[in-house]
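Here, residue 1 is the first one in the sequence, and each next residue gets the next number.
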Amino acid sequence: MAFKRDIENGEHNRSTGELTEPLMAKNLADEEDGSGELNSSKQRNWMVYLSTLVAVCGSFEFGCCAGYSSPTEDAITGDLSLSLAEYSMFGSILTFGAMVGAITSGPIADFIGRKGAMRVSAAFCVAGWLSIYFAQGAVALDIGRVATGYGMGVFSYVVPVFIAEIAPKNLRGALTTLNQLMIGTGVSVFYIVGTVIKWRVLALMGLIPCAILLFGLFLIPESPRWLAKMGREKQFETALKKLRGKGTDISHEAEEIKDYIETLERLPKAKLLDLFQRRYLSSVIIGVGLMVFQQFGGINGVCFYVSHIFESAGFSASIGTIIYAIIQVVVTALNTIVIEKGGRKPLLLVSASGLVIACIITAISFYLKANELALQSVPVLAVTGILLYVGSFSAGMGAVPWVLMSEIFPINIKGVAGSLATLVNWFGAWTISYTYNFLMSWSSYGTFILYAVVNALGILFIAKVVPETKGRTLEQIQAAINA
């Protein structure tokens, strides 16, 4: 097989495939100063960039759904006379919808394609926002919240997978990281805008990313790897040519993808229990393990209750939350640049190390407060710890596990394995957000010590188990992991 020969010989084509001879000669001349190749690469990849921008509208929609409940609590409870318990149900039921979305996302993406799955997800979000907008009581609110949660669950899987499957290997990491950036941006936008407009109008604003996504999907190609898997030969070549640019010879990349698909097609259709076969176990352990450490390191406890943390420490909740949101977006944006230069594994190690330090600093602040020691230093330590926490999480553990998940699963198990990993992620999100207040009632500093321990274990897991995937094709990565 062509892709096997490439792996054995250590050879790899350019991300766009081998060039035709006239273009190759031109680019070889341009490489003398490097500028010609850069300009040519940008021209060839414009469809990849457009496709990514369309897909991450789903990520932005994800952030809008997640950020809706925080700024609207007082207005909704007042207008609809909801009890605290009823609003708590409205806020938390989102994760249950997301779990269902996670379970079904893989099979849907495999059956009707990556674009089809994004359309389904957007449709659920549209229905959910309209239900919330017209709601006159708790039932309609909850139905809308479950629907938007379902859309979130599907988006959380299909967007990074779609981007990974269309992107050249030298851009894959940076483009996939845009998923997390747009989620953070959506959360921040809804949190800020929600403080100045009515909650029903804010629900209508949630329709905007869906509309852009649904329109944009008509302009971009389907994932070539999914088309190849479905045996749509002509559409596969058309999509790959469209993504790689006019004048680019796609023969080598097409051959590599088809060889890999043919090898996988000889294998039986994957079921859940098949994931625990020896040849897939490494990929599953890496994908699920990263989701466990991403969530159980405490992110949703910190994210959902950051205002309360700042208040408890004697710091302005509004100022702290704004700084928190800015750091989240800025660091995640920088991550899109660094990921292809520094690699996935170093970013994860630096990120997890920062999380450990941040949790320890925060734990110290709460310990000092509980024991009435050096009380003047408590706000400074708490703010430092929380801001370091969000900065560290955004630098690696927030985005990179999703990048790796889109890279490590062979295409014949990607649907089932992706659903499992996404389900684990959402279960972890619910567990941490649900138990946070109970843990804080038990021991505020003990809670962050527990999170520090989990993140320390994450460092060991990353160092020993997680591979570096930078600069390798999906076929090379999966062949190496599942050999």
Side-chain angles (χ1 to χ4, degrees), residues 42-68 101 104-105 108-109 111-134 144 147-167 171 175-190 193 197 200-227 230 232 235-236 238-246 336 406:
K42 287 181 178 179
Q43 291 172 0
R44 291 194 303 265
N45 291 324
W46 73 270
M47 180 54 73
V48 173
Y49 297 138
L50 176 62
S51 300
T52 300
L53 288 175
V54 171
V56 295
C57 287
S59 307
F60 187 86
E61 175 67 14
F62 180 126
C64 295
C65 297
Y68 180 77
T104 59
S105 60
I108 289 174
F111 184 66
I112 61 175
R114 307 341 185 188
K115 288 172 60 177
M118 285 188 273
R119 288 190 176 100
V120 168
S121 185
F124 270 90
C125 287
V126 168
W129 287 124
L130 291 176
S131 180
I132 292 171
Y133 175 77
F134 290 108
T148 56
Y150 181 86
M152 283 175 61
V154 177
F155 276 137
S156 66
Y157 167 73
V158 73
V159 171
V161 166
F162 175 75
I163 296 172
E165 290 183 348
I166 66 168
L171 297 175
L175 293 180
T176 309
T177 307
L178 287 175
N179 173 59
Q180 191 69 27
L181 172 63
M182 294 301 287
I183 291 173
T185 303
V187 170
S188 299
V189 168
F190 258 47
V193 174
I197 66 173
R200 293 188 191 275
V201 178
L202 188 63
L204 289 181
M205 283 188 62
L207 300 175
I208 296 174
C210 294
I212 296 172
L213 174 68
L214 291 171
F215 174 75
L217 287 173
F218 288 105
L219 307 177
I220 63 175
E222 178 59 89
S223 161
R225 286 178 170 84
W226 180 78
L227 291 170
M230 301 302 290
R232 302 179 184 179
Q235 291 173 287
F236 159 66
T238 300
L240 193 58
K241 285 179 181 178
K242 197 170 183 180
L243 287 165
R244 297 300 177 253
K246 186 178 180 180
T336 63
S406 67

Is a donor on one side and an acceptor on the other found under 3.5 Å between the side chain of Thr52 and the backbone of Val48?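 Yes, Thr52 side chain to Val48 backbone: donor-acceptor pair under 3.5 Å.
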Using modelled atom types and a 3.5 Å cut-off, is there a donor and acceptor pairing between side-chain atoms of Thr148 and backbone atoms of Gly144?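 Pair found, side chain donor or acceptor close to backbone of Gly144.
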Rounded to the nearest 0.5 Å, what separates atom [atom1] in [X] from atom [atom2] in [Y]?
X	Y	atom1	atom2	answer
Phe236	Ser223	CZ	OG	9.5 Å
Lys115	Phe218	NZ	CZ	8.0 Å
Leu50	Lys242	CG	NZ	9.0 Å
Ile166	Met47	CD1	CE	9.5 Å
Glu61	Met118	CD	CE	13.5 Å
Leu130	Leu204	CG	CG	7.5 Å

Heavy-atom pair of closest approach, residues [X] and [Y]:
X	Y	answer
Gly151	Cys125	CA-SG, 3.8 Å
Val154	Gly101	CG2-O, 3.7 Å
Val54	Gly216	CG1-C, 3.7 Å
Phe60	Pro209	CD2-CG, 3.5 Å
Ala109	Ala117	CA-CB, 3.9 Å
Val126	Cys210	CG2-CB, 3.8 Å

Step by step, would you call Ile112 with Val120 a side chain to side chain contact (heavy atoms under 4.5 Å, CB included)? CA-CA 10 Å; Ile112 61 175; Val120 168; 3.7 Å; yes
Side chain to side chain contact (heavy atoms under 4.5 Å, CB included) between Leu175 and Tyr49: does it pass, once the steps are laid out? CA-CA 8 Å; Leu175 293 180; Tyr49 297 138; 4.2 Å; yes
Those residues that, when tested against Trp226, pass side chain to side chain donor-acceptor pair (under 3.5 Å) (two or more places apart):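 Expected list: none.
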What residues, two or more places apart in sequence or in another chain, satisfy side chain to side chain donor-acceptor pair (under 3.5 Å) together with Ser156?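 Side chain to side chain donor-acceptor pair (under 3.5 Å) check on Ser156 returns Trp426.
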Test side chain to side chain contact (heavy atoms under 4.5 Å, CB included) on Met205 and Ile197 and set out the steps. CA-CA 10 Å; Met205 283 188 62; Ile197 66 173; 3.4 Å; yes
Partner set under ring pair (Phe, Tyr, Trp, His ring centres under 6.0 Å) for Phe124, not counting sequence neighbours: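 Partners of Phe124 by the ring pair (Phe, Tyr, Trp, His ring centres under 6.0 Å) criterion, ordered by chain and then number, come out as Tyr150.
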Any heavy-atom pair between the side chains of [Y] and [X] that's under 4.5 Å?
X	Y	result
Leu207	Tyr133	no
Tyr68	Ile132	yes
Pro221	Leu243	yes
Phe162	Glu222	yes

Working for side chain to side chain contact (heavy atoms under 4.5 Å, CB included), residues Val158 and Ser105: CA-CA 7 Å; Val158 73; Ser105 60; 5.9 Å; no
